[in-house]
Student: 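Sharing a structure here in structure tokens format.
Lettering of chains follows the sequences in order, A, B, ..., and the numbering in each one begins at 1.
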Protein chains: 2
Amino acid sequence: MSESHPTRPSMSDLANSLGLGVATVSRALSGATGVSEKTRQRVRQAADDLGYVVSPEASRLAGGLTRRIAVVTPHLSRWFFSEMLDGIEAELRQAGYDVLLYHVPDGASRHQFFRDLPARRKVDAVVAVAFPIDDDEARRLELLGVHIVAAGGQTASYPFVCIDDGTASRQAVDHLLLLGHRRIAMIEAFDPDSPQWHVRVGRSQGYYAALEEAGIPIDEKMVLSVPWSGEAGAEAMAKLLSLPRPPTAVFAHSDEVALGAIRTLRRAGLRIPQDMSVVGIDDHPLAALTDLTTIHQSVREQGAQAGRMVLDLLAQRSTATAVTTPTHLIPRGSTARPRETPSAPGHTGQM
Amino acid sequence: MSESHPTRPSMSDLANSLGLGVATVSRALSGATGVSEKTRQRVRQAADDLGYVVSPEASRLAGGLTRRIAVVTPHLSRWFFSEMLDGIEAELRQAGYDVLLYHVPDGASRHQFFRDLPARRKVDAVVAVAFPIDDDEARRLELLGVHIVAAGGQTASYPFVCIDDGTASRQAVDHLLLLGHRRIAMIEAFDPDSPQWHVRVGRSQGYYAALEEAGIPIDEKMVLSVPWSGEAGAEAMAKLLSLPRPPTAVFAHSDEVALGAIRTLRRAGLRIPQDMSVVGIDDHPLAALTDLTTIHQSVREQGAQAGRMVLDLLAQRSTATAVTTPTHLIPRGSTARPRETPSAPGHTGQM
DNA sequence: CTCCGGATCGGAAACGCTTCCTAAAATACT
DNA sequence: AGTATTTTAGGAAGCGTTTCCGATCCGGAG
């Protein structure tokens, strides 16, 4: 007999070959109650032997789940996002779910996504990677029984997993403080495509808190807010350098931004860390290569966590509604004690 | 009436509201023939008004397509792959298809993918990003009516889109030649996870061809073959430097590898490009930042092309079975004339 | 020994669509 | 005008599950 005809066996084929009814087989396979354990085993065995798998379409049509989960992300090629995607995908696929990928670079496409998805029930749940969902949108999905989990960004209304931004930035700033820095600048980063998701509030707060606790007055000129990119970081650094009294250290909201800042410093002929200390957040692969001191966060792990949360939700299992993964300082060569503790203020000063 | 009940209208609802039969509505919506244009418009209009969309499950179950396409990739967070994914996703989603993402980092998971996918007909087509598919696997999919397209890597048996590796590397090596280099090393890169997908043969051939044409004898010690990573590039460079007569220029198969090589050079205190010219392939974002001369390829565009090819295939439209996108030299600061043109041949040279 | 409740199992009705086939209508040709 | 075609529309049969509900079969209580 030629093995070539790809005719998938159907559930009734399976049922017949076992002398059972399809109803029983369905129950056996789906783990539902109402089948004796012996029968269930027999069915499972036979299914394996025949290489039978339920048709997801038919299953869904008849009221089951799709076993598909959407991952929605505003960026595809940025380290943080692809790393997160990696973690999520691995966890989900291992559990037998398929991952639908939706790239929503801008508000328009995001909007469209949330408009279209509910109509056609394509997925059982959605994981939103580091971007905000309107409470309204969330509610509509919830209503349809579509679960939501946020990965890499905190939101009020549904389960999320992310780092504690406040702690992370405190770790960064405290490190600088411990080294003896007093004039510490901050380059805040925000995603220009998600205007509603402001500056990482937590990260800024950590900075303010750390300085305050150290008894250092805040100098607003030391705080710059820029789009999330190396380019912007470079420009911000230039501004900081042209300050009457530039900082001795810079805390950037992200490694990408920090790296940009470093480029400006190099171009300006300043040495790192002798003339200026720089610290970022993320532990981006480039940080290791460029010897950048940073705060490590395990993005993969966050993704995996988010995956697990979705799985819990779908299994009706209870799950944590908020997970924060730990961060820690990775001291490298971009930070050091300040050159000299400036003790003569009031020398320079007008623009 | 409360608008809140998420009860999707069905096709027969639509049909009734129009006084038509479901068969007609189905034909109208699917673009099939056998409906007058007037009716089709009427149906489309009504569908829009009701916010009706066909149930993908039911449609698929009844013999239609899934309107889902799998993208299979061995890497998620590498620039080339995520860029490609971006291009593919954009093109496909715009055409109304959903993208299933499958990360197959190693042979095992790749194998599993091809074992599982055919069973449950989850997708209409698959796009393989830069990795080889067994002819056997390909045939099985083909048999099931699942189309295949390869993005970023050439293969014999099915449509593909990629750059012309030979041309790209000739552009790189010719540039070096033109600058006057004669001792040009090559660092070949291969993906250790895809052993069967050897060294990018084309890129190596371009090198050999260029040298041969320039009348330069091949020195096998000048050719190193390493895994595709910066780390490996760095080590390879170290080996090249410890050669009795090191090269004056290095051609790396990729920017990542080139960047690794540059790190070694810096560490060794050599200046670029004065002491050593380096050229890569890809035009990775880092290349611009680090002023690396390279060969540009538009990965996004390749992804988009691959997407279009899939669409053509699915629409029964004829499509090119092989597309190569152009590449070109981006001269930057990592290449220059060799320090001195060695003019005393026959001095070194046994072996 | 009979009756009853719970555990198992099978029948059959959806689920929402596509498509084959036939009927009716519209158009063409003599 | 009448008949032969071609269009256009509708009926109905699946597609492969899940699930409600009724039928069986079991052991144990009365």
Side-chain angles (χ1 to χ4, degrees), chain A residues 6-44 46-47 50-68 96 118-122 124 144-145, chain B residues 6-44 46-47 50-68 96 118-122 124 144-145 314 316:
Chain A
T7 312
R8 289 183 25 149
S10 76
M11 187 176 272
S12 60
D13 292 339
L14 216 198
N16 289 338
S17 83
L18 283 161
L20 289 171
V22 291
T24 307
V25 172
S26 174
R27 265 172 254 140
L29 256 22
S30 71
T33 130
V35 201
S36 68
E37 198 47 40
K38 212 177 69 183
T39 309
R40 189 184 302 266
Q41 291 308 338
R42 221 156 58 86
V43 173
R44 288 230 173 98
L50 261 80
Y52 168 81
V53 281
V54 306
S55 152
E57 326 292 341
S59 169
R60 175 66 190 79
L61 181 53
L65 296 173
T66 65
R67 294 199 75 76
R68 259 175 260 137
R120 29 184 67 220
R121 243 121 140 334
K122 296 181 181 177
D124 302 330
L144 286 163
Chain B
T7 312
R8 291 181 25 151
S10 75
M11 187 176 273
S12 59
D13 292 341
L14 217 198
N16 289 338
S17 83
L18 283 161
L20 287 171
V22 291
T24 307
V25 173
S26 174
R27 262 172 260 140
L29 256 22
S30 72
T33 133
V35 201
S36 68
E37 199 47 40
K38 210 176 69 185
T39 310
R40 189 184 304 263
Q41 292 306 339
R42 220 155 58 89
V43 173
R44 287 230 173 96
L50 259 80
Y52 169 81
V53 281
V54 305
S55 152
E57 327 292 341
S59 168
R60 174 67 190 78
L61 182 54
L65 295 174
T66 64
R67 293 199 77 77
R68 260 175 259 137
R120 28 186 68 222
R121 239 98 145 354
K122 298 182 182 176
D124 302 331
L144 286 162
L314 288 173
Q316 315 270 32

Student: Whether B:Thr24 contacts D:dT8 is assessed here as follows: a side-chain N or O lying under 4.0 Å from the phosphate OP1 or OP2. Is that the case?
Tutor: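 Checking D:dT8 against B:Thr24, no side-chain N or O comes under 4.0 Å of OP1 or OP2.
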Student: Round to the nearest Å and state the distance from B:Lys38 atom NZ to C:dA25 atom P.
Tutor: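 Value for this atom pair: 15 Å.
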Student: Out of D:dT17, C:dG16, C:dT18, which nucleotide sits closest to the side chain of A:Leu61?
Tutor: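 In terms of side-chain proximity for A:Leu61, the closest of D:dT17, C:dG16, C:dT18 is C:dG16.
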Student: Mind checking whether B:Val43 and B:Thr24 have side chains closer than 4.5 Å, heavy atoms only?
Tutor: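 No; the side chains remain at least 4.5 Å from each other.
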Student: Atom CG of B:Leu20 to atom P of D:dT7: distance rounded to whole Å?
Tutor: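 Roughly 20 Å, once rounded to whole Å.
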Student: Whole angstroms only, please: what is the CE-P distance between A:Met11 and C:dC15?
Tutor: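 Nearest whole value for this atom pair: 19 Å.
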Student: Can you check the A:Leu14 CG to D:dT18 C1' distance for me, whole Å?
Tutor: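 Rounded to the whole Å, the gap is 16 Å.
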Student: Taking CG from A:Asn16 and P from C:dG10, how many angstroms apart are they, rounded to a whole number?
Tutor: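 One finds 11 Å between P of C:dG10 and CG of A:Asn16, rounded.
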Student: B:Leu29 has an atom CG; how far is it from atom C1' of D:dT8, in whole Å?
Tutor: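 In whole Å, D:dT8 C1' lies 17 Å from B:Leu29 CG.
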Student: For the side chain of A:Ser26, counting heavy atoms from C-beta on, which of C:dG11, D:dT18, C:dG16 is nearest?
Tutor: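 Ranking C:dG11, D:dT18, C:dG16 by closest atom to the A:Ser26 side chain puts D:dT18 first.
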Student: Restricting to non-hydrogen atoms, name the atom on A:Arg60 and the atom on A:Leu65 that form the minimum distance, rounded to 0.1 Å.
Tutor: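 That closest heavy-atom pairing would be CD-C, 3.8 Å.
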Student: Which nucleotide sits closest to the side chain of B:Ser36: C:dG16, D:dT18, D:dA9?
Tutor: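 Of all the options, the side chain of B:Ser36 is nearest to D:dA9.
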Student: Calculate the interatomic distance between B:Arg67 atom CZ and C:dC17 atom P; express it in whole Å.
Tutor: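 Computing the B:Arg67:CZ to C:dC17:P distance gives 15 Å.
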Student: Which of the following nucleotides, D:dT17, D:dT19, D:dC15, is nearest to the side chain of A:Arg27?
Tutor: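 For A:Arg27, the side-chain atoms sit closest to D:dT19.
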Student: Any side-chain N or O of A:Ser12 below 4.0 angstrom from OP1/OP2 of D:dG16?
Tutor: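 Answer no for this pair, as no side-chain N or O of A:Ser12 is under 4.0 Å from OP1 or OP2.
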Student: Backbone N or O of B:Pro56 within a donor-acceptor pair of the B:Arg67 side chain at under 3.5 Å?
Tutor: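 Answer holds: no.
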Student: Checking the side chain of B:Ser30 only, and the main-chain atoms of B:Ser26 only, is there a donor and an acceptor separated by less than 3.5 Å?
Tutor: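 Flag set: sc B:Ser30 to bb B:Ser26 pair under 3.5 Å.
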Student: Treating B:Asn16 as the side-chain partner and B:Asp13 as the backbone partner, does any N or O pair qualify as donor plus acceptor under 3.5 Å?
Tutor: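 Side chain of B:Asn16 to backbone of B:Asp13: no pair is present.
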Student: Taking atom types as they are modelled, would you say the side chain of A:Arg60 forms a donor-acceptor pair with the base of D:dG16 within the 3.5 Å cutoff?
Tutor: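 Answer is no: no donor-acceptor pair is held.
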Student: When you get a sec, tell me which of C:dC9, D:dA9, D:dG16 is the closest nucleotide to the side chain of A:Ala58?
Tutor: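 It is D:dG16.
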Student: Out of D:dG16, C:dG16, D:dA9, which nucleotide sits closest to the side chain of A:Tyr52?
Tutor: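 Nearest nucleotide to the side chain: D:dG16.
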Student: Taking the side chain of B:Ala23 as its heavy atoms from C-beta onward, which of C:dC9, C:dC17, D:dA12 lies nearest to it?
Tutor: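 The answer is D:dA12, which lies nearest to the side chain.
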Student: Could you tell me the separation between the CD atom of A:Glu37 and the P atom of C:dT8, rounded to a whole number of Å?
Tutor: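 Computing the A:Glu37:CD to C:dT8:P distance gives 9 Å.
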Student: Just N and O in the side chain of B:Ser59: are any of them under 4.0 Å from OP1 or OP2 of C:dT18?
Tutor: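 Affirmative; the distance criterion is met.
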